[in-house]
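Encoded as structure tokens, the structure appears first; notes follow it.
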Amino acid sequence: MKMRLVALALCWCSASLFAQDYFPSNDGVKSKNNNYRAFTNAKIYVTPDQIITNGTLLIQNGKVVSVGKNVSLPQNTIVEDLNGKSIYPSFIDVFSDFGIEKPKRASGSGRASQYGPSREGFYWNDHIMPETDAIAKFKFDDKKAKELREVGFGVVNAHVNDGIARGTGVLVALNSDGNDADRILEDESAQFFSFEKSVTSRQSYPTSLMGATALMRQLYHDADWYAKGNVATKDRSIEALLANKNMPQIFAAGDNGNIMRADKVGDQFGIQYSILGGGDEYQFIDQVKQTNAKLIIPVNFPDAYDVSNPFAAKYVNLSDMRHWNLAPSNPSVLAKNGVDFTFTLHDLKSSKKFMENIIKAINYGLDKTVALKALTTVPAMVLGQSNSIGTLEKGKQANFLITSGDIFESNTTLFENWVQGKKNVINTMDQKDIRGDYDLVVDGKTYKMSITGALSKPKLKVKKDSTTLKSKLDYNADWISFSFTEDDNVLRFTGLVSPNTTVLTGNSILPKGKEVVYTANQTKTFQEKEEENKTADKPELVAVTYPNIGLGNTSLPKQETLLFKNATVWTGMEKLENTDVLVKNGKIAKIGTNLNASGAKTIDATGKHLTAGVVDEHSHIAGLSINEAGHNSSAEVKMADVVDPKDVNIYRNLAGGVTTIQLLHGSANPIGGRSAILRLKWGESADNLLFPDMPKFIKFALGENVKQSNWQSFSRFPQTRMGVEQVFMNYFQRAKEYDELKKSGAPYRVDEEMEVLAEILNGERFISCHSYVQSEINMLMKVAEKFGFRVNTFTHILEGYKVADKMAEHGVGGSTFSDWWAYKYEVKDAIPYNAAIMASQGVTVAINSDDAEMSRRLNQEAGKTMKYGGMSEIEAWKTVTLNPAKLLHIDHKVGSIEVGKDADLVLWSDYPMSVYAKAEKTIIEGAVYFDLEEDLKKRDAITAERAKLINMMLQDKATGGKTQAPVQRKKPLFECETL
């Protein structure tokens, strides 16, 4: 580097050179440096798409004055010749907690809960804190700033990483030579949100992901009502939310599912969030792309699992192994699908891994130009700061990096990081590059020595024959000092590096104090090693399946024209022997004998049984959470918000002939959440699992759980069965008044909870009620009749046989267990004849599971009604097909085999209620979602893929890659009481 001064003219009277300060100075004689600074002969990345070779960058007072090939330099210009070097805009992180103290967890322990807010004058929920200003909590951290500059960052957007509505961030330049007045670019840079509760509050609500989602929706409803001037009192939280609404809105989602959940909330209220992802977007890339959101992507690629112990290795999920293999390709997949994204250091344990992982992503297919955009222009756009940062165009901040070459090459050295026109030296430009492979000769012995890593902190590896020796290296100001241990003896070496770095020489101190001269002859430069790595085979990626776990599909099943020949067909009303069924366009097209259809796939069903798909009225599979226990009513929450399309129990249910389920809220409160009716289309996204135009349902509950007999929470009403009744009376009275106000045409505050309960009053939403004891069953029917509606289904209802006549009179159905009893006190009177007795009184009866294991054997559960109560085989089979379809109001589409109905079918190997029966094919809308023969192939493929990935991990470890301990991840099997 050469530096020269172009005719510096000092003229104290020149107004063009010196700005007039308006603050007096009492700490010495000062003058402002208004010199220009020019960096010439560099390769300049003005923007990711505009590159100038042998260009000049001219800056003054922290801003870019000019950039180009022929830049006119003013007289007072300091010139630095950067021949052979490159200049890049410095990086921007839009999702940081830099300078913000980690929030302290609220004190207190145990199960005691806080149901009300702890603050006055703010929103009713402590986890909503849009009034939080990061600037008020900000303190510049010199040490952390230095770490970030060494990675290449010049600007970070910091916020308080706590709560659901988190308040505003602060945009900070990482300028070491300055003060906060200069560093703070925006004191309110963006508004932040998440689905995570604040650690500083013990307020119970929300206790679940669905509760957090509902709370976000209600917050926006309340803000709209408040903005229209309909609230007499002042709410500082909503005031802040409204004041911040024109800022960039950033949502911390954290995984692909939450990206889509956050985007739905935004779409409902006309807000386009920029969303923090989790690095797994490649698994549902089509749905992620449809959000149109700019994403903020961590590069915390997982380390390989240490699978050297085969017994430990078998506990690592295939999905985790796949993610290790595929995660580095995530940025490339996003780019190829046209998704704009920016990189963040968030969730990365060490900032030193950042550039290493970016380079890894490039090796996995990410274009370098896109990578540079993700670090510069896209984050500037996300923050609405494209006019001041992100590029080196005229007038923008002079935030730039000086490197030895391509910044996305591991052998490139970052020399300087200029922030706001102030130089920060990362590595001296005249530091000699000693990295490479050497033959080290000392005292007649030869060792293999390799120096790798960053030029600022190179790493040493020494080998004698095939043994790697413990070693240490220090390199500073051209002085090299290293040591290694052989046979418990430490050998030490020092020397001054000469201009010729192909030979290192100096003094060595051997055991017993012997001093000799050593020589290390370079056999391969670091650049040559890097070129070899480039030409090495590209990473081998396993195939993504839908969903991307074991037993997923390599492609989504498609509708087929199917002709089943000579089956025993259970239509739902009768059993037809030697009958054919034609499926076309997802529907039952024909039922008869000797059917033919051109182009149809013919399936010989001789000796087999064809039935409608099993329908489970009460299930908790495919949910990420089950209970929202923070309030005694949670009608505002939706199970549709927390559908988990990757739950392997979907596949297992298909293997048991189940095609449709009602995903119910749990029984933590009298008024639970809204249900989701799912078609078990294994591999589809959460939204595509939802039954089209599904009827509206909600879960209610009675009994021990809702009065909290099973946990101590004396501060939450109700504590008795009497109190449960009063909850219903109170909420329905409020809902009635709400509905009357709404229908009157008067202004009203949208309350999602009351909206749902009003739908019940208006016959637009149906209740499925968790129930056991006859007295409570009677109670809820009377409450319903008082308010003019009917309960749709009593589920569980193990004392239904006691009130079956009253149920029939009320018009309510019963969905029960086949033979569960005595598993808790209020079930002591349960009998296995319950289903048959209710059916004999005219009640529509279904058998449900409430259990992920039982749900895949519902065909056998139906058979028990023949043993206990003597139901006919047709009526017994209806309890898991047509009857639950009726209870769910979807029997016009599913539940029986009739022409025109959806082709949701199961081909059984044997009598369908037999313990020997296997579902050979499970079909939904004419597409095969489970095939027994294909299942066996999948198992073989899984075994082969696991072996392949284990071998890859072993190779990664052998070549020096870091590993993590094997972890067994098991999703809990949810049921009603799961909190």
Side-chain angles (χ1 to χ4, degrees), residues 210 213-214 217-218 220-222 224-225 230 268 617-618 628 631-641 662-665 669-677 690-702 724-771 777-795 806-815 844 884-893:
M210 57 186 163
T213 309
R217 289 195 299 265
Q218 191 59 55
Y220 285 125
H221 286 307
D222 292 346
D224 177 68
W225 180 244
N230 295 308
Q268 183 177 348
E617 185 275 339
H618 184 144
E628 174 45 64
H631 289 157
N632 54 22
S633 168
S634 56
E636 71 281 359
V637 309
K638 298 192 291 187
M639 297 307 299
D641 286 336
Q662 179 177 207
L663 173 55
L664 281 169
H665 187 275
N669 33 26
I671 301 174
R674 290 174 265 182
S675 307
I677 300 175
L690 298 177
F691 202 100
D693 302 318
M694 63 181 180
K696 297 177 180 180
F697 274 82
I698 187 172
K699 171 78 174 289
F700 276 28
L702 307 169
V724 173
E725 179 180 12
Q726 292 310 306
V727 168
F728 294 137
M729 293 293 292
N730 175 263
Y731 273 88
F732 279 123
Q733 180 60 36
R734 289 168 56 200
K736 182 179 179 181
E737 294 168 6
Y738 176 90
D739 195 44
E740 288 173 351
L741 175 64
K742 182 178 177 180
K743 290 175 179 177
S744 72
Y748 68 99
R749 181 184 71 92
V750 175
D751 185 325
E752 288 206 1
E753 184 179 34
M754 291 296 112
E755 289 279 338
V756 173
L757 297 178
E759 288 175 344
I760 297 171
L761 295 175
N762 293 324
E764 298 166 356
R765 185 173 294 276
F766 308 107
I767 295 173
S768 183
C769 184
H770 165 118
S771 55
I777 296 166
N778 269 323
M779 175 270 291
L780 186 58
M781 287 192 290
K782 289 177 181 178
V783 169
E785 289 164 5
K786 176 178 177 64
F787 285 94
F789 67 91
R790 294 292 183 267
V791 180
N792 188 85
T793 310
F794 281 113
T795 189
K806 294 181 179 179
M807 291 172 63
E809 182 182 348
H810 182 80
V812 61
S815 184
T844 301
K886 287 180 178 179
L887 293 178
L888 295 176
H889 300 269
I890 55 175
D891 55 303
H892 60 294
K893 290 188 175 182

Below 4.5 Å, heavy atoms only, C-beta onward: do [X] and [Y] meet side chain to side chain?
X    : Y    : result
K743 : N762 : yes
F787 : I760 : no
P747 : W225 : yes
L757 : I671 : yes
E636 : H221 : no
L702 : F728 : yes
K786 : M729 : yes
L888 : P695 : no

So H889 and F766, would you call those rings parallel, tilted or perpendicular, with 30° and 60° as cut-offs? parallel
Is [X] reaching over with its side chain to a backbone N or O of [Y], donor-acceptor style, under 3.5 angstrom?
X    : Y    : answer
R674 : I698 : no
N669 : E628 : yes
Q218 : V750 : yes
D739 : A758 : no
N792 : G813 : no
R790 : H810 : yes

Using the side chain to side chain donor-acceptor pair (under 3.5 Å) definition, which of the options E755, Q733, R749 pairs with Y738? E755
Hey, are E617 and S815 close enough side-chain-wise for a donor-acceptor pair under 3.5 Å? yes
Could you check whether T213 and D641, counting side-chain N and O atoms only, form a donor-acceptor pair closer than 3.5 Å? no
Return the [atom1] to [atom2] distance between [X] and [Y], rounded to the nearest 0.5 Å.
X    : Y    : atom1 : atom2 : result
M807 : I777 : CE    : CD1   : 6.5 Å
E752 : R217 : CD    : CZ    : 4.5 Å
L664 : M639 : CG    : CE    : 8.0 Å
F697 : R765 : CZ    : CZ    : 10.0 Å
L761 : E740 : CG    : CD    : 9.5 Å
M754 : F732 : CE    : CZ    : 9.5 Å

Give a yes or no on whether E785 atom CD has more than 12 heavy-atom contacts from other residues, nucleotides or ligands under 6.0 Å away. yes
Specify the closest pair of heavy atoms between [X] and [Y], including all atoms of both residues, with the distance to one decimal.
X    : Y    : answer
C769 : A701 : SG-N, 4.0 Å
Q662 : S768 : NE2-OG, 4.1 Å
A640 : A676 : N-CB, 3.8 Å

Evaluate L780 against F794 for side chain to side chain contact (heavy atoms under 4.5 Å, CB included), listing each step before the verdict. CA-CA 10 Å; L780 186 58; F794 281 113; 3.9 Å; yes
Run the side-chain hydrogen bond (donor to acceptor under 3.5 Å, both in side chains) test against E753 and tell me which residues pass, sequence neighbours left out. S633
Side chain to side chain contact (heavy atoms under 4.5 Å, CB included) evaluation trace for H665 with M210: CA-CA 10 Å; H665 187 275; M210 57 186 163; 3.5 Å; yes
Chi angles and distances behind the side chain to side chain contact (heavy atoms under 4.5 Å, CB included) call for Y731, N632: CA-CA 10 Å; Y731 273 88; N632 54 22; 3.2 Å; yes
